[in-house]
Amino acid sequence: MKTGKVDALLGIVFGDEGKGKIVDFFTPKYDVVARFAGGPNAGHTIIFDGKKFVLRSIPSGIFDEGKVNIIGNGCVIAPDLFMAEARELEAAGYDLTNRLHISKRAHLILPTHRVLDRAYEAAKGKGKVGTTGKGIGPTYSDKAARIGLRVGDILEGFEEKYQALKARHEQILRDLHYTDYDISDDERNWMAGVEYMRRFQLSDTELEINQLLREGKNVLAEGAQGSLLDIDHGTYPFVSSSSTTCGGVCTGLGVAPGTIGEVFGIFKAYSTRVGSGPFPVELFDETGDTIRRIGNEYGAVTGRNRRCGWIDLVALKYAIMINGVTQLVMMKGDVLDDFATIKVCTAYRKNGETTTTMPYDTAGWEAVYEELPGWQTDLTAIRDEKDFPPAFKAYISYLEEQLATPIRIVSVGPDREATIIR
Ligand code: GDP
Ligand code: IMO
Ligand code: MG
């Protein structure tokens, strides 16, 4: 019997690569779209028919009415933010109730987790991670400490469990002398969110997904964040708190390694990072400002400036290796349209030493560049590879050769339509 496959679409840099756009674009080919990691720290933008949506917890397959969307066990979910996000989709005419399934094993982000996120960041001072403030780290910490609250807890004896965990958080906050906060409004809205969640299928999604695979259905696993923000393989401690890499698909959905099919690695034609942490390719000059302005590189969740730089092959090679990427997806080539030359980081250098493999700590390493000619052509209206200017074709070929992986999709604009299959 032919069983289905789980293909993964993974951000392979520091997040915001354009995952939302490509998951939405790929959805017609799949039966199920599932998030396996992260929570409302994600902001996935989808633009079509003159409409724009930014999804945080809900999978980007939600706009295709016939498809099942799953929030898997590896995710964390904030009921109040989830409610706001779902209502926005419902107001836009999308009926979610029978199409959105939430794992009972996913962990709940409490209002006090968000306060703890702020308190821990404040205590770190200069070494702060620059988190999204959504309570991600404290929630995954409680999961690992085996004291977290899960979606399934909503179904039985919830109030008591909630009060116990909240009291524990309040004690930690007192110990940290972080007492100037008021969650009363937040808490009311959060509880309303918990009630709202009950209308959805809160289920054993790992059983569901495996049943669907046995029926020959195909699943697209939608990554959140990026490989360099992975708790194990990212630039620790300046990372998020979940497994954003391919291994996270198996643990975050409850699917076996053998079910994994294609692994799509998505990246931009240049680099960005939001939050703190080492970033060898970062540009502090006018070029960086130009990329930010043209690329509209401001956080979808926090509105913060994204740090910008040239593409980083050291980081990309590492991420391709860790994830077993089989195909690449390159986004935002159009943002580089005006540059006469394009730089590519091929190695890092520190104290006379040069490396082309990812160091343990990338802090203090500077980027070594090669220069390629720019295409100085407007790419945004192109819909066929044969119309690409020669210098853009050469850029793609150069990257494919360096990364030893084919670039199968090229995106030249934010709209669903501006996507070219090669
Ligand atoms: P995600 O978190 O990986 O889903 O990415 P984000 O939505 O946070 O950030 C990607 C941004 O780039 C969004 O504003 C998209 O609308 C936009 N975008 C996606 N693809 C392209 C592209 O090819 N060209 C341009 N100019 N913008 C794009
Ligand atoms: P998407 O899915 C970009 C960054 C934060 C911070 C670090 C830890 O839209 O690509 P957290 O709140 O997770 O504890 O923050 O990770 N970060 C992201 N950066 N895109 C994201 O998601 C991110 N999610 C978290 O800026 O540096
Ligand atoms: Mg994003």
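First listed ligand is number 1; within each ligand, the first listed atom is number 1. Side chains are part of it too, since the values below use all heavy atoms of this structure and drop only hydrogens, waters and symmetry mates.
- With ligand atoms numbered from 1 in the order given, ligand 2 contributes 5 (C), 26 (O) to contacts under 4.0 Å with heavy atoms of R304.
- When hydrogens are left out, the protein atom nearest atom 13 (O) of ligand 2 is S240 OG, 2.6 Å; that is the closest non-hydrogen contact.
- Counted by atom type alone, T356 and K317 present zero donor-acceptor pairs between their side chains at under 3.5 Å.
- Of all protein heavy atoms, the one closest to atom 26 (N) of ligand 1 is D334 OD2, 2.7 Å.
- Residue I47 approaches ligand 1 through these ligand atoms, each under 4.0 Å from one of its heavy atoms: 16 (O).
- Atoms of ligand 1 lying under 4.0 Å from any heavy atom of G413, numbered from 1 in the order shown and given with element: 20 (N), 21 (C), 22 (C), 23 (O), 24 (N), 25 (C).
- Closest heavy-atom contact between C345 and V281: CB-CG1, 3.5 Å.
- In this structure, atom 12 (O) of ligand 2 lies nearest to the protein heavy atom T132 OG1, 2.6 Å.
- Within ligand 2, counting atoms from 1 as listed, the ones closer than 4.0 Å to a heavy atom of A224 are 2 (O).
- Ligand 2 has no nitrogen or oxygen under 3.5 angstrom from a nitrogen or oxygen of K134.
- Within ligand 1, counting atoms from 1 as listed, the ones closer than 4.0 Å to a heavy atom of S411 are 20 (N), 21 (C), 22 (C), 23 (O).
- The heavy-atom pair separating L229 from G15 by the smallest distance is CD1-N, 4.4 Å.
- Nearest protein neighbour of atom 27 (O) of ligand 2, counting heavy atoms only, is V274 O, 3.1 Å.
- The two residues M197 and I154 have their closest heavy-atom pair at CE-CD1, 4.0 Å.
- The side-chain hydrogen bond (donor to acceptor under 3.5 Å, both in side chains) contacts involving residues 26-35 comprise D7-Y30, where partners must be two or more places apart or lie in separate chains.
- Of the protein's heavy atoms, L229 CD1, 3.7 Å lies nearest to atom 17 (N) of ligand 2.
- Salt-bridge check for D80 with R114: passed, with a basic side-chain N closer than 4.0 Å to an acidic carboxylate O.
- A 4.5 Å side-chain heavy-atom check between V219 and L213 finds at least one atom pair inside the cut-off.
- Closest heavy-atom approach to atom 19 (C) of ligand 1 among the candidates K21, R306, R56, H44: K21.
- In terms of heavy atoms, S276 sits closest to G130 at OG-N, 3.6 Å.
- For ligand 2 and K19, the ligand atoms under 4.0 Å from any heavy atom of the residue are 1 (P), 2 (O), 10 (O).
- Relative to the six-membered ring of F48, R416 meets both conditions, a distance below 6.0 Å and an angle of at most 45° to the axis.
- Counting only heavy atoms of the protein, atom 15 (O) of ligand 2 lies nearest to T131 CA, 3.4 Å.
- The closest approach between any non-hydrogen atom of V412 and ligand 1 is below 4.0 Å.
- Given atom 22 (O) of ligand 2, the protein heavy atom at minimum distance is Q225 NE2, 3.5 Å.
- Contact between R306 and R292 at its shortest, heavy atoms only, is O-NE, 2.9 Å.
- At the top of the distance list for atom 14 (O) of ligand 1, counting protein heavy atoms only, stands T45 OG1, 3.9 Å.
- From the protein, the heavy atom lying nearest to atom 4 (O) of ligand 1 is G20 N, 2.9 Å.
- Side-chain contact, D230 with T245: a donor N or O sits under 3.5 Å from an acceptor N or O.
- Using a 4.0 Å cut-off to heavy atoms of M331, the atoms of ligand 1 that qualify are 20 (N).
- At the top of the distance list for atom 10 (C) of ligand 1, counting protein heavy atoms only, stands D16 O, 3.7 Å.
- Remark: minimum distance from atom 8 (C) of ligand 2 to any protein heavy atom is reached at V239 O, 3.4 Å.
- Residue, atom and distance of the protein heavy atom nearest to atom 11 (C) of ligand 1 are K332 NZ, 3.7 Å.
- The side-chain heavy atoms of V263 and L10, taken from C-beta on, include a pair separated by under 4.5 Å.
- The minimum heavy-atom distance linking E208 with S203 is given by the pair OE2-OG, 2.7 Å.
- Taking every heavy atom of F14 and a limit of under 4.0 angstrom, the matching atoms of ligand 2 come to 3 (C), 19 (N).
- When G130, G43, G15 are checked for heavy-atom proximity to atom 5 (C) of ligand 2, G130 turns out nearest.
- At least one N/O-N/O distance between D16 and ligand 2 falls below 3.5 Å.
- Close approach of ligand 1 to G43 is summarised as follows: ligand atoms under 4.0 Å from at least one heavy atom of the residue are 1 (P), 2 (O), 4 (O), 6 (P), 7 (O), 8 (O).
- Here the N, O or S atom of D16 that is nearest to the Mg ion (ligand 3) is OD1.
- Among H101, K104, R99, the single residue meeting the side chain to side chain contact (heavy atoms under 4.5 Å, CB included) criterion with Q201 is H101.
- Nearest non-hydrogen protein atom to atom 2 (O) of ligand 2 is H44 NE2, 2.7 Å.
- Inspection of the N41 and S240 side chains reveals an N or O donor paired with an N or O acceptor under 3.5 Å.
- Near A42, meaning under 4.0 Å from one of its heavy atoms, ligand 2 places the atoms 1 (P), 2 (O), 9 (O), 22 (O).
- By the 30° and 60° cut-offs, the orientation of the rings of F53 relative to Y94 is perpendicular.
- Among the atoms of G43, an N, O or S atom falls under 2.8 Å of the Mg ion (ligand 3).
- For D384, the salt bridge (charged side-chain N to carboxylate O under 4.0 Å, His left out) partners at least two apart in sequence or on another chain are K386.
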